[in-house]
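Keep in mind that the numbers below use all heavy atoms, side chains included, and drop hydrogens, waters and symmetry copies. First listed ligand is number 1; within each ligand, the first listed atom is number 1. Residue indices begin at 1 and follow the sequence shown.
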Amino acid sequence: MSFIPYDLTEDKLKKIQLEGLQWTVAHAYNNSPFYREKIGNAGLKPEDIRSLESIEHLPFTDKDDLQKEYPFPLRAVPFEDIIRIHASSGTTGKRKVLCYTQRDLDVWADIFARCYELAGLTREDRVQIAVGYGLWTAGVGFQAGCERFGAMAVPVGPANAEMHCEMMIDMGTTVFCSTASMALLMAEEIHKRNLLSRIKVKKVILGAERHSDAMITRIKELMNVEHVFDIYGLTELYGPGTGLDCSHHNGIHYWADHFIFEVLDPETLKPLPPGKQGELVVTTLSKEGSPLIRYRTHDITRILDQACSCGVPFPRHDSILGRTDDMFIYRAVNIYPSQIDHVLGRVDGIGSEFQIHLKQRESGRDMMLVKVERGTGVEKADDIHLAERVATEIRRKILVRCQVEIVDNGELPRTQSKSRRVFDQRNEQ
Ligand code: DLL
């Protein structure tokens, strides 16, 4: 049995998208006072959606709308049809709460099962889930998808490394699912404890935060896995499982029969052509509880329009390159942590972990300190040269001067959830 509709043609996909868009706009307009007002204010009615291009006239929704409408923003079904809620912590203000109907949970499990299929799993696989359960969508998302797919779920959740290692060995885990930080932490633990010969993990599926190529290389090396897959998702759009890269690892195939992805210029909010980086904006096509109309994710990516040789009839977007709200301004230069990461990935002798600390000198001038881990097997005596090389590369590529401190391998904190990279103390001093 296949969860991926391999016979889907481009024409059929477009038809599904148009019907889904028309249904979503009518559903939201008729059942959610919030959307009725928003769509009405844009001078539109559901019957105005006559083609896929009509999407460009629809108004945007943003995280502020979810916070304003707390506790049940965007709700478009009666309470008796809502069978679960999830929430993600906003960094400021109230949590974003999303409602799910039975159909929403079914769609989510189905699309997640496609992710496992795309990663080449079979029902013989044993899937250790190392992400949080509860209000967060992660744990239950990975689990419901695994059960729908038919593999064995090992729902360990966010336990300590000891427990994960024990379960990995005793349960014969073949697939490990976690955040990128947790996968690195586990890979290092397995290496430290010399457990490689006792574990059977062949695949890692990771997501929830941006990660560098260096991190993937290290996880692959230390855990000796065949593939590391990148899974995308956000609470507002069901949760994890909206797409996954296939074994060619050349972008994330996303399930375009359940949502439309637009990439827009974050300043002008005008569409960008394939290949150009911008903000991902999503519209759902079948979501009942909390439908999304042009929801601004603030994630930066680009649409990849060349066909992928894997044969999966779904479009691709690039891995998430950062978030528009991660950007910081240092000495009048706009910088994303991913740019620093990118530079570090090209310097030999350093590890995959880094932190950016921003401070203000007494003179009022900003100061940036980049802490980078020394690579394994690299002598401490080389630190001065290594730091100089990193600082020179940052100056060459990003055109800013900064200080670089080389710290011991393993010194920067490993977290089980999402890692924090930027520590901006400029306004605290
Ligand atoms: O992080 C859902 C998830 C859990 C996805 C586990 C994958 C694995 P939220 O907590 O709502 O949901 O955070 C969503 O996390 O807007 C991105 O900024 C970031 N993110 C999620 N997946 C990736 C990824 C979950 N594969 C936010 N690469 C999103 C980079 C990611 N960033």
Side-chain angles (χ1 to χ4, degrees), residues 61-63 66-67 73 85-91 94-98 100 108 111-112 115-116 118-119 127-146 155 157-158 175-184 204-213 215-216 219 228-246 249 251-255 259 261 263 266 277 279-282 290 292 295-302 316-327 336-338 341 415-422:
T61 6
D62 207 336
K63 52 182 187 236
L66 275 88
Q67 283 169 353
I85 60 113
H86 279 290
S88 84
S89 50
T91 34
K94 289 283 189 191
R95 289 173 196 284
K96 297 174 266 181
V97 181
L98 284 302
Y100 297 69
W108 185 18
I111 57 177
F112 210 128
C115 293
Y116 286 127
L118 190 54
V127 182
Q128 186 157 328
I129 300 163
V131 283
Y133 283 72
L135 280 178
W136 199 27
T137 50
V140 71
F142 275 94
Q143 179 160 346
C146 181
V175 181
F176 185 74
C177 305
S178 69
T179 60
S181 316
M182 179 63 179
L184 177 68
V204 171
I205 301 180
L206 53 79
E209 58 183 343
R210 212 187 54 75
H211 45 267
S212 61
D213 292 345
M215 219 164 155
I216 302 280
I219 293 167
V228 176
F229 293 97
D230 185 1
I231 193 162
Y232 178 60
L234 57 156
T235 312
E236 298 88 311
L237 186 57
Y238 301 102
T242 54
L244 184 102
D245 56 341
C246 62
H249 303 297
I252 297 181
H253 289 274
Y254 65 93
W255 313 122
F259 22 80
F261 280 4
V263 171
Q277 278 177 31
E279 179 178 337
L280 179 67
V281 170
V282 304
S290 314
L292 301 181
Y295 180 72
R296 297 187 58 182
T297 64
H298 296 271
D299 285 328
I300 300 166
T301 185
R302 55 189 178 143
R316 282 172 306 147
H317 63 82
D318 206 347
S319 55
I320 302 299
L321 305 163
R323 291 185 51 80
T324 52
D325 33 20
D326 274 353
M327 190 200 76
Y336 288 100
S338 56
D341 208 347
T415 78
Q416 295 204 358
S417 53
K418 308 191 191 210
S419 282
R420 185 166 164 211
R421 302 274 182 212
V422 183

Checklist entry - Arg323 heavy atoms, cut-off 4.0 Å: which ligand 1 atoms fall inside? => result 16 (O), 18 (O)

Checklist entry - How far is atom 21 (C) of ligand 1 from its nearest protein heavy atom, and which residue and atom name does that atom have? => result Gly233 O, 3.2 Å

Next on the checklist: Tell me the protein heavy atom at minimum distance from atom 23 (C) of ligand 1, and give that distance in Å.
Outcome noted: Ala208 N, 3.4 Å

Item to check | Test item: side-chain donor near acceptor, Asp62 and His298, under 3.5 Å | outcome: yes

Next on the checklist: Could you go through Arg323 and Asp299, starting from their C-alpha distance and side-chain angles, then the distance that decides it, and tell me whether this counts as side-chain contact (heavy atoms from CB on, under 4.5 Å)?
Outcome noted: CA-CA 4 Å; Arg323 291 185 51 80; Asp299 285 328; 2.9 Å; yes

Item to check | Heavy atom of the protein closest to atom 3 (C) of ligand 1 (residue, atom name, distance) | outcome: Pro240 CB, 3.6 Å

Checklist entry - Does any N or O atom in Trp136 lie less than 3.5 angstrom from one in ligand 1, N or O only? => result yes

Checklist entry - Got Trp255 and Tyr238 here, is their nearest side-chain heavy-atom distance under 4.5 Å? => result no

Checklist entry - How about Tyr232 and Tyr254: are their ring centroids closer than 6.0 Å? => result no

Checklist entry - Which one holds for Asp299 and ligand 1: side chain close, backbone close, both close, or neither close, with close meaning a heavy atom under 4.0 Å? => result side chain

Checklist entry - What atoms of ligand 1 come closer than 4.0 angstrom to any heavy atom of Gly207? => result 7 (C), 8 (C), 26 (N)

Item to check | Proximal atoms of ligand 1 relative to Phe142 (non-hydrogen, under 4.0 Å) | outcome: 6 (C), 8 (C)

Next on the checklist: Would you call the rings of His86 and Trp108 parallel, tilted or perpendicular, taking 30° and 60° as the class edges?
Outcome noted: perpendicular

Checklist outcome for this item: If we number the atoms of ligand 1 from 1 as shown, the ones under 4.0 Å from a heavy atom of Arg210 are 30 (C), 32 (N)

Checklist entry - Which protein non-hydrogen atom lies closest to atom 15 (O) of ligand 1, naming both residue and atom, and how far is it? => result Lys418 NZ, 3.1 Å

Checklist entry - Going by distance only, is there an N or O of Leu234 that falls short of 3.5 Å from an N or O of ligand 1? => result no

Item to check | Residue, atom name and distance, where the atom is the protein heavy atom closest to atom 11 (O) of ligand 1 | outcome: Thr235 OG1, 2.5 Å

Checklist entry - Any heavy atom of Asp230 sitting closer than 4.0 Å to ligand 1? => result yes

Item to check | Test side-chain contact (heavy atoms from CB on, under 4.5 Å) applied to Ile231 and Phe142, step by step | outcome: CA-CA 10 Å; Ile231 193 162; Phe142 275 94; 3.8 Å; yes

Item to check | Of the listed options Gly132, Gly322, Ala138, closest to atom 4 (C) of ligand 1 (non-hydrogen atoms) | outcome: Ala138

Checklist entry - Relative to atom 32 (N) of ligand 1, which among Glu236, Met182, Glu209, Lys63 owns the nearest non-hydrogen atom? => result Glu209

Item to check | Pairing of Asp341 and Arg210 as salt bridge, 4.0 angstrom limit | outcome: yes

Item to check | Of Asp318, Asp326, Thr324, Ile320, the residue whose pairing with Ile300 passes side chain to side chain contact (heavy atoms under 4.5 Å, CB included) | outcome: Thr324

Next on the checklist: Test your reading of the structure: does His211 have an N or O sitting under 3.5 Å from an N or O of ligand 1?
Outcome noted: no

